[in-house]
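Shown next, in structure tokens, is the structure this report addresses.
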Amino acid sequence: MKQTRENIRNIAIIAHVDHGKTTLVDELLKQSGTFRVNQTVQERVMDSNDLERERGITILSKNTAVFYKGTKINIIDTPGHADFGGEVERVLKMVNGVVLVVDAFEGPMPQTKFVLKKALELALPVVVCINKIDRPEARPEEVIDEVLDLFIELEAHEDQLDSPFVYASARLGTASLESGQQNETMEALFETIIGHIPAPEGDPEAALQVLITTIDYSEYIGRIGIGKVENGIIRVNQEAVIVNSHHPEDQQKVKVSKLYEFDGLKRVEVQEAGIGSIIAISGVGEIHIGDTICDPLAAVPLPFVKISEPTIAMTFSVNDSPFAGIDGKFMTTRQVRERLLKELHTDVSLRVEETESTDSFKISGRGELHLSILIETMRREGYEFQVSKPEVLYKIVDGVRYEPMEHVTIDVPEDFMGVVIEKLGSRKGEMINMAPSKGGYSRLEFSIPARGLIGYRSEFLTDTKGNGIINSLFDGYEPYRGEITKRLQGSLVAFEAGDAVAYGLYNAQERGMLFIDAGTKVYAGMVVGQNARSGDMEVNVCKKKQLTNMRSSGADDSLKLSPPKVLSLEESLEFIEDDELLEVTPKNLRIRKKILDSNVRQRARKKTE
């Protein structure tokens, strides 16, 4: 018989990037007494890995739990970026309701729509938290209307349209049910969560069912499955079977060796857990996301959400440049393959495929950011490899080629509208809507092929002098829209190996923009800059001035070198062309030609022309 566990609430906090989810969780942790009074706690404590802290975004969903007046609130902090939508989709299967965080000035943004749509599809109750109410330009009343319009657009049912609104400032740790005033604590938000989000239901007498929605990994104890107890009771040393709803005939017998529940930021070992509890299980071997841990006598798997397909692919290959092996610890085919396959354990949106070459792997993901985070993570772990230009994944339907589309929302000052519309038009973008936004900005909405956005973001920042905001969201597949003009400028390619010197760089910088400084080691075929004209040009950056008794070596001091443009990982991926590779090592990012030898490269180009 079904029962309700009134002393538990399971919620996910969902929002657009930078609307304050993680800061809000910080305050809920502090005000629930999770930390000691004198404990030093860093900001955005839930963003635990270095990349998240540096970029100010959440990449992986995190579990935590707080206690409020005898009720345990399990909280999942989710990513707001659409490239990590796979994280959001699956963790929503673990919760009974969501807190939708919306910026009191910006209002609902593209990813707000994305994450809310996923929650409404699962018929989850919603608590709307209007955050950053302390911003001087906050406009809570208008934002509420925009949120309700979004609910109606997403065809929410009547109960969801009656969602309660809470006004908060996560930074100040205050919340209220009135927009004009703020209470001193987050009590209003706690009370609304407990009052509006239903308690979990299940049958403690029924056969065991635990749906695994997240996998963590520890070097010491291996894989750790995280999920919610749907039915029955799970105990330490219990015999169970792992079943997947997509392959119910494949069953694997396991023994539960350790059980943990969440308490604040810690995992606390427990002997058993009942319905509604979010638990971590270790010692169950090859467990995967979407598996159900069942009673051996009644192995009935629970259905799992279908994760959206990848839209962009890149080729990862073993580094074969002249500088291979100088920086990295892991660089062999076996090491790179093992690391990529390990990533599949925790990332359901990723695909890893073998290619015709034993040294290369095709990696598919949800977007450029999704794959660049993987590249950055691997290089920090000491891996060395090469990656190709990102390419979109097409579909053939009834003989017609379909390509992934993106819905792009741009907020830009009116002065820059012309250049943005012109650039996106040349990339096969179609304008859907144009409307005045707040603060002298205009909001432009486009439907554009995903390949049209590759390489555009850094251009966009330059065109708008850093004042524009661009957000994109996957928008299904449409028939192929035709060829897009490639990068107009070519590359400046090093002619010979050696150390770049001021004299050589001075002559090269007249040809275009340099990416390297004096003293940088280069090899023949390495890209050292961007040509001002179309087509590649070879330059000798290692060329030294011929010294005679009439010239002094100090004459070089008068050469004025422009500062080089140092490309970030994302900018490098956007820059490279089909005949180029990005060499990734723990210390360096180098762009190179696929064919390093100048003569062979020219012969290959003539064959293709």
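These values consider heavy atoms only, across backbone and side chains, with no hydrogens, waters or symmetry-generated copies. The structure displayed is predicted, hence computed values, not measured ones.
- Judged as a salt bridge (charged side-chain N to carboxylate O under 4.0 Å, His left out), and not counting sequence neighbours, Asp475 has no contacts.
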Run the side-chain donor-acceptor check on residues 524-533: report pairs under 3.5 Å with partners two or more places apart or on a different chain.
unit_1	atom_1	unit_2	atom_2	d
Gln530	NE2	Gln489	OE1	3.2
Asn531	OD1	Arg533	N	3.3
Asn531	ND2	Gly535	O	2.9

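- Judged by distance alone, the side chains of Glu538 and Ser598 do bring a donor and an acceptor atom under 3.5 Å apart.
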Open item on the list: Please evaluate residues Phe316 and Phe385 with respect to the criterion ring-ring contact (aromatic ring centres under 6.0 Å, His included), reporting the C-alpha separation (whole Å), side-chain torsions for both, the decisive distance (0.1 Å), and the verdict.
Closed with: CA-CA 7 Å; Phe316 283 46; Phe385 51 97; 5.4 Å; yes
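- With hydrogens and angles ignored, the 3.5 Å screen pairs a side-chain donor or acceptor of Lys594 with a backbone N or O of Asp578.
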Task: Residues Lys521, Asp499; criterion salt bridge (charged side-chain N to carboxylate O under 4.0 Å, His left out); working and verdict - done: CA-CA 4 Å; Lys521 289 187 180 300; Asp499 291 353; 3.4 Å; yes
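- Each of Leu561, Val541, Leu514 was checked for a side-chain contact (heavy atoms from CB on, under 4.5 Å) with Tyr506, and the lone residue meeting it is Leu561.
- Counted by atom type alone, Arg481 and Ser447 present one or more donor-acceptor pairs between their side chains at under 3.5 Å.
- A salt bridge links Arg427 with Glu459; the closest basic N to acidic carboxylate O contact falls under 4.0 Å.
- Side-chain contact between Ser442 and Met417 is present, with at least one heavy-atom pair separated by less than 4.5 Å.
- Partners of Phe575 according to the ring-ring contact (aromatic ring centres under 6.0 Å, His included) rule, which considers only residues two or more places apart in sequence or in another chain, are Phe515.
- By the ring-ring contact (aromatic ring centres under 6.0 Å, His included) test, Tyr394 pairs with Tyr480, sequence neighbours left out.
- The distance from the OG atom of Ser568 to the CG atom of Leu573 is 8.5 Å, given to the nearest 0.5 Å.
- Counting heavy atoms from C-beta outward, Ile363 and Leu340 have side chains that approach closer than 4.5 Å.
- Counting only N and O atoms by type, the side chains of Glu384 and Thr585 include no donor and acceptor under 3.5 Å apart.
- Within a 6.0 Å sphere centred on NZ of Lys117, heavy atoms belonging to other residues, nucleotides or ligands number 12 at most.
- At distances below 3.5 Å, at least one donor-acceptor pair connects side-chain atoms of Gln509 with backbone N or O atoms of Lys560.
- What you find for Pro404 and Val392 is that their closest heavy atoms are CG-CB, 4.0 Å.
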Task: From CA spacing to verdict: salt bridge (charged side-chain N to carboxylate O under 4.0 Å, His left out), Arg380, Glu376 - done: CA-CA 6 Å; Arg380 290 184 183 206; Glu376 185 64 44; 2.9 Å; yes
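- The OG atom of Ser426 sits 12.5 Å away from the CD1 atom of Ile421 when rounded to the nearest 0.5 Å.
- Taking CD1 from Ile312 and CD1 from Ile454, the interatomic distance works out to 4.5 Å, rounded to the nearest 0.5 Å.
- You'll find the side chain of Leu350 reaches within 4.5 Å of the side chain of His370, heavy atoms only.
- Listed by chain and number, the residues in a ring-ring contact (aromatic ring centres under 6.0 Å, His included) with Tyr383 are Phe330 (sequence neighbours excluded).
- Looking only at side-chain heavy atoms (C-beta outward), Asn507 and Leu505 stay at 4.5 Å or farther from each other.
- Using the six-membered ring where Trp is involved, Tyr456 and Phe460 have ring planes that are tilted, between 30° and 60° apart.
- Each of Glu403, Glu406, Glu574 was compared with Arg451 under the salt bridge (Lys or Arg N to Asp or Glu O under 4.0 Å) criterion, and only Glu403 meets it.
- Neither side chain, Asn588 nor Glu583, offers a donor N or O lying under 3.5 Å from an acceptor on the other.
- Of the residues listed (Glu353, Glu354, Glu343), the one engaging Arg337 in a salt bridge (Lys or Arg N to Asp or Glu O under 4.0 Å) is Glu354, and it is the only one.
- Applying the ring-ring contact (aromatic ring centres under 6.0 Å, His included) rule to Phe416 yields no partners; only residues at least two apart in sequence or on another chain are considered.
- Judged purely by distance below 3.5 Å, without hydrogens or angles, the side chains of Thr333 and Asp359 pair a donor atom with an acceptor atom.
- Panel note: side chain Ser491, backbone Val493; no donor-acceptor pair is recorded below 3.5 Å.
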- [ ] Could you go through the salt bridge (charged side-chain N to carboxylate O under 4.0 Å, His left out) check for Asp320 and Arg592 one step at a time?
- [x] CA-CA 11 Å; Asp320 61 359; Arg592 51 159 287 187; 2.7 Å; yes
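- Contact of the Leu444 side chain with the Asn433 side chain is not registered, since no non-hydrogen atoms from C-beta on lie closer than 4.5 Å.
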- [ ] I would like to know whether Asp411 and Arg443 meet salt bridge (charged side-chain N to carboxylate O under 4.0 Å, His left out); could you show each step before the answer?
- [x] CA-CA 5 Å; Asp411 287 313; Arg443 176 166 287 188; 3.0 Å; yes
